Structure formats: C-alpha cells, structure tokens
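We're numbering straight along the sequence, starting at 1. Since we're looking at a predicted model, the values are computed, not measured.
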Amino acid sequence: MMRRYTTLSALAVLFLFPLVWSGWASFEDPSNYLEMARFGEGVGTYVTNSVLVSAMTVAGTLVVSALGGYAFARFDFPGRNLLFLATLAILMVPYATILIPLYVLLGYLGLQNSLAGLSLVFVMFQLPFALFMMRNAFEAVPRELEEAAMVDGCGTFLAFLRVLLPAVRPALVTVGLFAFLASWNDFFAPLILLNDGASFTLPVAVVSMTQQTFGAIDYGMLQAGVMVMALPCLILFVVLQRHYVRGFMSGALRG
C-alpha cells in the first residue's frame, strides 16, 4: 500500500511540475499579463473567440453524437454497421492533410474565416470518438427502462429525452469534455482556417504575441498565455472528474 501511494505521489509531482513551473515563471514578472492583455485585439477578444468556438463544438458534438449513438444502438436499419465503420474511418485520415480541402469547402459554404466554420470542422473530427462512446453508453442502458417509459405514454423521442439521456449523463460529460479540450487547445486548424486577427483563438494569439521582435520568444508572456489556457481545463477536470471517469469506463470499455 505504501509503495502504491509513493508511486502515485511521484507521478503527481511529475505531471504537476510543468504547470507549477509555468505558473511561477508567469508571475515572476506581473507585467507579462499586462503585455498579454494589451496585445493585438486584446486578450479578451481571443478568449471570447475560443469560448465561442468551444461552446459551438461541444453543443454540436453532443447533439449529433447523442442522436447518432441512440440510432446506432437502438434501431436496426440497412447499412447500420457499414455507416458506423465509415464514421470511425475518419480517424484514419491524417488531420493535417484535409485542412486545405476543408478551407476550400468552407469558402463555398460562406463559412471561410468564421468561428462557426471552425467549430464545424472540430465537430467532424470529434464524431468518431463521440459516436463510439455514445453508442456503447446507450447499449448499456436496459431496454426495459425505455419500454416502461413507452408503456407510460412516452413516444420514442420523449423516452429518449426523459429516460435515456439522464441514464447516459456520464458519457455525455466525457464526450463534451473531450470536445472542449480539442477545440480549446487546438492550434493548427485555427491557424489554417482563420486569417483575420480579430477572429484568432487563444492558442494562435499566444504564439503570435510571443514572437514579436525578430522571431525572439518572450518566454514570460508565453507562460502567462499557457496559464490562461490551462485554467479552464483544470477547473473542468476538477468539477467533472467523477462523471468523466464513470463515462469513460462505461462507454469505452463496453463492447
């Protein structure tokens, strides 16, 4: 038992050290935060852009994956398994190779250089994992609960809302958390798909603000940006930890 606690403590220190070091480096000179706040359009603009993109990504991923996972788990229709495998096949496509075609496609849709277009790209890349989780989560719910709801007068959609969605809440939290982290921290997709400084998300802005003079990196400002980016992720993990672990175990390990 003592050996296990020692190992876990050592791992905790190992993983927390970079974050603590970044926090110390950022607060060593408080002017780092002031310079970051005044950069470009203002850090508030970049944080707002990241929040909007993350919110749209989480909402879109949850809606599509919940409805899709329910359909794959509960309905038997022609080509169901083939369609599910085709969705999972997105994971085999290298992320960077299709950003340029997606940029062109967004131009045809009138969503080029827009936060909504960027969020649609994030939703697309989140769907394979999200559908896999939600399908397994719905399959783990006893059909008797759904049948009892229908006996009480609920239709299919009402039973889905009132019975099945509450039963798979941990899986929804897991999917939403993964979608948030992917959209909040991603750098490459916003760099390619956004070309207006006022639309930049926080990761792109942080990289831009730390290389202002002949490419020299301002490490103090960089660490300040890292702390601003890491804080929402830490808060969500702490608040949703219990649901995340339950959802990941029930959704990912089944099947």
Side-chain angles (χ1 to χ4, degrees), residues 53-143 146 155-157 159-161 163-165 167-194 244 246-255:
V53 169
S54 299
M56 289 187 288
T57 301
V58 171
T61 302
L62 288 178
V63 170
V64 176
S65 64
L67 293 174
Y70 174 64
F72 281 123
R74 286 294 197 257
F75 298 106
D76 189 12
F77 53 89
R80 181 184 66 170
N81 293 332
L82 182 61
L83 181 59
F84 185 68
L85 290 176
T87 305
L88 294 182
I90 297 176
L91 292 172
M92 295 186 290
V93 180
Y95 178 55
T97 59
I98 61 174
L99 284 179
I100 299 302
L102 285 174
Y103 181 81
V104 176
L105 177 61
L106 291 176
Y108 286 120
L109 297 176
L111 294 173
Q112 203 171 72
N113 191 39
S114 72
L115 300 181
L118 178 62
S119 67
L120 286 177
V121 172
F122 284 142
V123 170
M124 182 192 71
F125 281 106
Q126 287 300 303
L127 279 184
F129 168 78
L131 281 174
F132 176 79
M133 289 287 297
M134 295 310 303
R135 174 180 153 171
N136 289 347
F138 281 117
E139 286 180 344
V141 179
R143 289 183 177 270
E146 187 177 2
T156 301
F157 187 69
F160 168 75
L161 290 179
V163 177
L164 292 176
L165 278 185
V168 298
R169 186 182 296 116
L172 289 171
V173 171
T174 303
V175 168
L177 188 57
F178 268 77
F180 172 82
L181 293 177
S183 56
W184 180 266
N185 293 315
D186 194 276
F187 167 77
F188 196 56
L191 178 67
I192 299 298
L193 302 178
L194 302 176
Y244 164 74
R246 288 177 57 196
F248 193 83
M249 295 296 291
S250 64
L253 297 183
R254 180 177 171 82

Quick one: are L172 and M133 in side-chain contact, heavy atoms under 4.5 Å?
-> no

Heavy-atom closest pair (L193 atom, L99 atom, distance to 0.1 Å) is CD2-O, 3.8 Å

Report yes if the side chains of V141 and R74 come closer than 4.5 Å at any heavy-atom pair, otherwise no.
-> yes

Which class fits the ring pair F160 and Y70: parallel under 30°, tilted 30 to 60°, perpendicular over 60°?
-> tilted

Value for CE (M134) from CG (L67), rounded to nearest 0.5 Å, stands at 9.5 Å

Would a 4.5 Å heavy-atom cut-off, applied to side chains only, mark F125 and S183 as touching?
-> no

Q126 and V123, any side-chain heavy atoms less than 4.5 Å apart = no

Output yes when a side-chain donor or acceptor of R80 lies under 3.5 Å from a complementary backbone atom of F72, and no otherwise.
-> yes

Closest heavy-atom pair, T57 versus V53, reported as atoms and distance to 0.1 Å, is OG1-O, 2.7 Å

Minimum heavy-atom separation for A167 to P170, with atom names?
-> O-CD, 4.2 Å

Contact check, side chains of F138 and L165, non-hydrogen atoms, under 4.5 Å = yes

Once you round to the nearest 0.5 Å, how far does CG of L127 lie from OG1 of T61?
-> 6.0 Å

Is Y108 atom OH crowded by more than 12 heavy atoms from other residues, nucleotides or ligands, each under 6.0 Å away?
-> no

For R135 and A73, work out which heavy atoms get closest and say how close.
-> O-CB, 3.7 Å

Atom pair CG (L102) and CG (L118), whose distance is rounded to the nearest 0.5 Å | 10.5 Å

Nearest heavy-atom approach of V175 to S65 is CG1-OG, 3.9 Å

So how far is it from L181 CG to D186 CG, rounded to the nearest 0.5 Å?
-> 11.5 Å

Do the non-hydrogen side-chain atoms of L120 and L109 ever get within less than 4.5 Å of each other?
-> no

Measure the shortest side-chain to side-chain distance between I98 and M124 over non-hydrogen atoms and say whether it is less than 4.5 angstrom.
-> yes

Just by distance, do the side chain of Q112 and the backbone of Y103 share a donor-acceptor pair under 3.5 Å?
-> yes

How many angstroms lie between CG in L105 and CD1 in I100, if you round to the nearest 0.5 Å?
-> 12.5 Å

Separation of S54 OG from F122 CZ (nearest 0.5 Å) | 8.0 Å

Do W184 and V58 touch side chain to side chain, with heavy atoms closer than 4.5 Å?
-> no

